[in-house]
Engineer: 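A single structure is presented below for examination.
Just so it is clear, the values below take in all heavy atoms, side chains as well, and ignore hydrogens, waters and symmetry mates. Naming: A, B, ... by sequence-line order, numbering from 1 per chain. Quantities reported herein were computed from a predicted structural model and do not represent experimental measurements.
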Number of protein chains: 2
Amino acid sequence: MSCTPRLTQLLRLRGFRMTPQRLAILQALHDGGHLSPGQVYKRVAQTGMMETTVYRTLDFLAENGILFVTNRAKGHLAYELARASHHHLVCRTCGAQVDLEREALQPLVDQLFQRTGYRLDVGHFTFSGLCPVCLPDSE
Amino acid sequence: MSCTPRLTQLLRLRGFRMTPQRLAILQALHDGGHLSPGQVYKRVAQTGMMETTVYRTLDFLAENGILFVTNRAKGHLAYELARASHHHLVCRTCGAQVDLEREALQPLVDQLFQRTGYRLDVGHFTFSGLCPVCLPDSE
DNA sequence: TTCCTTATTGCAATTATTATCAATAACAAT
DNA sequence: ATTGTTATTGATAATAATTGCAATAAGGAA
Ligand SMILES: [Mn+2]
Ligand SMILES: [Mn+2]
Ligand SMILES: [Zn+2]
Ligand SMILES: [Zn+2]
């Protein structure tokens with residue numbers, strides 16, 4: 001990947017280290033898009049890395065802003081390489097998805113700030129809903 | 001609880017049954033507010049009920065609209081007795097919370113509908129952010 | 001290159017969550 | 001009250017996720 005030298009530097013500046021395990025996991029996410037810990041493990045199992053390392057590493061990389069995390073259905077997490085801030089809107093019936101640019105949540109951020117003084121963390125949301133196709137069928 | 005006859009009827013109309021286990025779990029949530037499955041289990045363990053029953057029952061009651069579920073930190077779920085639709089905004093630094101009435105998300109619902117044609121499911125969100133006290137400290 | 005420090009991993013043990021299936025008990029009908 | 005149907009639970013196994021610690025290795029310094 002083209003970004004590995006940059007990420008290596010980023011970690012070193014913070015006193016952390018780049019490792020073959022972290023590189024393998026980054027590669028898996030580079031190839032796979034949004035993946036659960038189990039899916040990541042399947043893609044790196046060949047290297048002999050432990051599954052516990054996958055969990056730890058995903059959490060670590062997300063903590064350092066190198067990965068995005070999102071809460072998928074029923075409390076399950078999915079990770080992806082951090083890129084332009086965005087969110088997802090997925091149809092609960094047919095699974096169709098659309099992406100939302102970061103700015104789509106700015107009105108909510110502003111409104112919550114006005115109402116409560118809280119500044120919303122705009123991370124990487126996955127919203128559920130009904131797509132235009134399924135919406136009419138629902139009732 | 002005062003609502004148990006109504007809930008019993010609700011379940012029967014759908015072909016389900018009220019049981020001592022379900023009543024105990026409802027009581028625990030009545031007393032405890034927002035609880036994780038483990039916290040619910042602690043409160044009903046005295047009855048001898050299995051922990052697996054707690055998980056199943058929480059999922060079942062939420063599926064039937066009797067409980068609200070929400071995604072708390074790192075993919076962990078919390079349940080509460082369904083009441084007036086609302087959401088939560090919690091400070092990621094000090095943990096301070098404010099509640100949001102259902103209408104607080106209506107602008108987002110409308111905006112997403114306009115932009116994408118998707119109708120957002122407005123369930124029971126827990127948003128993270130910085131409270132007015134912690135906000136200035138964050139640089 | 002070699003040596004040190006210590007961040008990181010492997011490994012094993014816990015804990016959390018889900019799945020299976022036979023035994024139980026709600027509750028509707030008699 | 002008794003019976004029959006079957007939703008529900010207990011019990012156990014399987015799977016997912018977390019934790020603790022000793023062994024390993026990244027990478028800065030000599
Ligand atoms: Mn994404
Ligand atoms: Mn709530
Ligand atoms: Zn759809
Ligand atoms: Zn705060």
Side-chain angles (χ1 to χ4, degrees), chain A residues 4-28 34-67 69-79, chain B residues 4-28 34-67 69-79:
Chain A
T4 54
R6 184 179 61 83
L7 297 179
T8 302
Q9 269 319 102
L10 177 82
L11 291 182
R12 283 188 191 162
L13 285 174
R14 298 180 187 178
F16 301 126
R17 301 169 183 175
M18 184 51 75
T19 68
Q21 289 86 349
R22 286 173 181 173
L23 286 173
I25 287 172
L26 289 168
Q27 183 65 53
H34 297 83
L35 297 176
S36 70
Q39 290 172 321
V40 170
Y41 178 63
K42 281 190 197 111
R43 286 170 177 258
V44 299
Q46 20 158 351
T47 71
M49 148 176 20
M50 294 286 100
E51 193 163 12
T52 185
T53 299
V54 172
Y55 283 102
R56 271 186 308 215
T57 302
L58 290 172
D59 184 63
F60 169 83
L61 294 173
E63 209 63 43
N64 280 277
I66 295 170
L67 302 183
V69 208
T70 197
N71 263 318
R72 284 283 168 81
K74 44 194 156 58
H76 286 194
L77 301 178
Y79 295 84
Chain B
T4 53
R6 183 179 61 81
L7 296 179
T8 301
Q9 270 319 104
L10 177 83
L11 291 182
R12 284 189 189 159
L13 285 174
R14 299 181 187 178
F16 301 126
R17 300 167 184 178
M18 184 51 76
T19 68
Q21 289 87 349
R22 286 173 181 174
L23 287 172
I25 287 172
L26 289 168
Q27 183 66 52
H34 296 84
L35 297 177
S36 68
Q39 290 172 320
V40 170
Y41 178 62
K42 281 190 198 111
R43 286 171 178 258
V44 299
Q46 21 158 348
T47 71
M49 148 177 19
M50 294 285 100
E51 194 164 14
T52 185
T53 299
V54 172
Y55 282 101
R56 271 187 309 216
T57 302
L58 290 172
D59 184 64
F60 169 83
L61 294 173
E63 210 63 43
N64 280 277
I66 294 170
L67 302 182
V69 207
T70 197
N71 264 318
R72 283 282 169 82
K74 43 195 155 59
H76 286 192
L77 301 177
Y79 295 84

Engineer: Which heavy atom of A:Val44 sits nearest a heavy atom of A:Ala28, and at what distance?
Structural biologist: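 Closest approach of A:Val44 to A:Ala28: CG1-CB, 4.0 Å.
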
Engineer: Considering residues at least two apart in sequence or located in another chain, which fulfil the side chain to side chain contact (heavy atoms under 4.5 Å, CB included) criterion with A:Arg12?
Structural biologist: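 A:Arg12 satisfies side chain to side chain contact (heavy atoms under 4.5 Å, CB included) with A:Thr8, A:Gln9 only.
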
Engineer: Under the side chain to side chain donor-acceptor pair (under 3.5 Å) rule, collect the residues that match up with A:Gln27, sequence neighbours excluded.
Structural biologist: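 Listed in chain order: A:Asp31.
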
Engineer: What bend angle does the helix from C:dT1-D:dA30 to C:dT30-D:dA1 show across its length, from five-pair end axes and to the nearest 10 degrees?
Structural biologist: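 One end's axis against the other's: 30°.
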
Engineer: Looking at residues at least two apart in the chain, or sitting in another chain, which of them share a side chain to side chain contact (heavy atoms under 4.5 Å, CB included) with B:Arg22?
Structural biologist: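 For B:Arg22, the residues satisfying side chain to side chain contact (heavy atoms under 4.5 Å, CB included) (neighbours in sequence not counted) are B:Leu11, B:Phe16, B:Met18, B:Thr19, B:Thr57, B:Phe60.
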
Engineer: Could I get a table of every N or O pair under 3.5 Å where one atom is in the protein and the other is in nucleotides 23-27 of chain D?
Structural biologist:
{"unit_1": "D:dA26", "atom_1": "O3'", "unit_2": "A:Met18", "atom_2": "O", "d": "3.2"}
{"unit_1": "D:dA26", "atom_1": "N3", "unit_2": "A:Arg17", "atom_2": "NH1", "d": "3.0"}
{"unit_1": "D:dG27", "atom_1": "OP1", "unit_2": "A:Arg12", "atom_2": "NE", "d": "3.3"}
{"unit_1": "D:dG27", "atom_1": "OP1", "unit_2": "A:Met18", "atom_2": "N", "d": "2.8"}
{"unit_1": "D:dG27", "atom_1": "OP2", "unit_2": "A:Arg12", "atom_2": "NH2", "d": "3.2"}

Engineer: Suppose we screen for side chain to side chain contact (heavy atoms under 4.5 Å, CB included). Which residues come up paired with A:Ser36, at least two apart in sequence or across chains?
Structural biologist: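 Testing A:Ser36 for side chain to side chain contact (heavy atoms under 4.5 Å, CB included), a comparison that skips the adjacent residues, returns A:Gln39.
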
Engineer: On a heavy-atom basis, which atom in B:Leu10 and which in B:Asn64 lie closest, and how many Å separate them?
Structural biologist: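 In terms of heavy atoms, the two residues are closest at CD2-O, 4.3 Å.
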
Engineer: What are the residues of residues 48-65 of chain B, sorted by number, that bring a heavy atom to within less than 4.0 Å of DNA chain C?
Structural biologist: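 Hits under 4.0 Å, by residue number: B:Thr52, B:Tyr55, B:Arg56.
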
Engineer: Any side chain to side chain donor-acceptor pair (under 3.5 Å) involving residues 41-53 of chain A? Give me the pairs, sequence neighbours left out, ordered by first then second residue.
Structural biologist: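 Only A:Thr53-A:Arg56 qualify under side chain to side chain donor-acceptor pair (under 3.5 Å).
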
Engineer: Mind checking which nucleotides bracket the chain A contacts on DNA chain C, 5' to 3', with an atom under 4.0 Å from a heavy atom?
Structural biologist: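 The footprint of chain A covers C:dT5 to C:dC11.
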
Engineer: Would you check, one step at a time, whether the test side-chain contact (heavy atoms from CB on, under 4.5 Å) holds for B:Leu67 with B:Leu26?
Structural biologist: CA-CA 9 Å; B:Leu67 302 182; B:Leu26 289 168; 4.2 Å; yes

Engineer: Considering residues at least two apart in sequence or located in another chain, which fulfil the side chain to side chain contact (heavy atoms under 4.5 Å, CB included) criterion with B:Leu77?
Structural biologist: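 B:Leu77: side chain to side chain contact (heavy atoms under 4.5 Å, CB included) contacts with B:Val69, B:Asn71, B:Tyr79.
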
Engineer: So, using side chain to side chain donor-acceptor pair (under 3.5 Å) as the criterion, who are the partners of B:Asp59 when residues are at least two apart?
Structural biologist: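 For B:Asp59, no residue satisfies side chain to side chain donor-acceptor pair (under 3.5 Å) once neighbours in sequence are set aside.
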
Engineer: Taking any heavy-atom pair under 4.0 Å as a contact, classify A:Gly38: base, sugar-phosphate, or nothing.
Structural biologist: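 Nothing, no heavy atom under 4.0 Å.
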
Engineer: Let me know, please, whether B:Gly15 or B:Thr47 comes out on the 5' side of the other along DNA chain D by nearest nucleotide.
Structural biologist: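 Mapping each residue to its closest nucleotide by heavy atoms, the 5'-most match is B:Gly15.
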
Engineer: Calculate the interatomic distance between A:Arg72 atom CZ and D:dA16 atom C1'; express it in whole Å.
Structural biologist: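 Value for this atom pair: 18 Å.
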
Engineer: Considering all heavy atoms of both residues, which atom of A:Ile25 and which atom of A:Val54 are nearest to each other, and what is their separation?
Structural biologist: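 So the two residues come closest at CD1-CA, 3.9 Å.
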
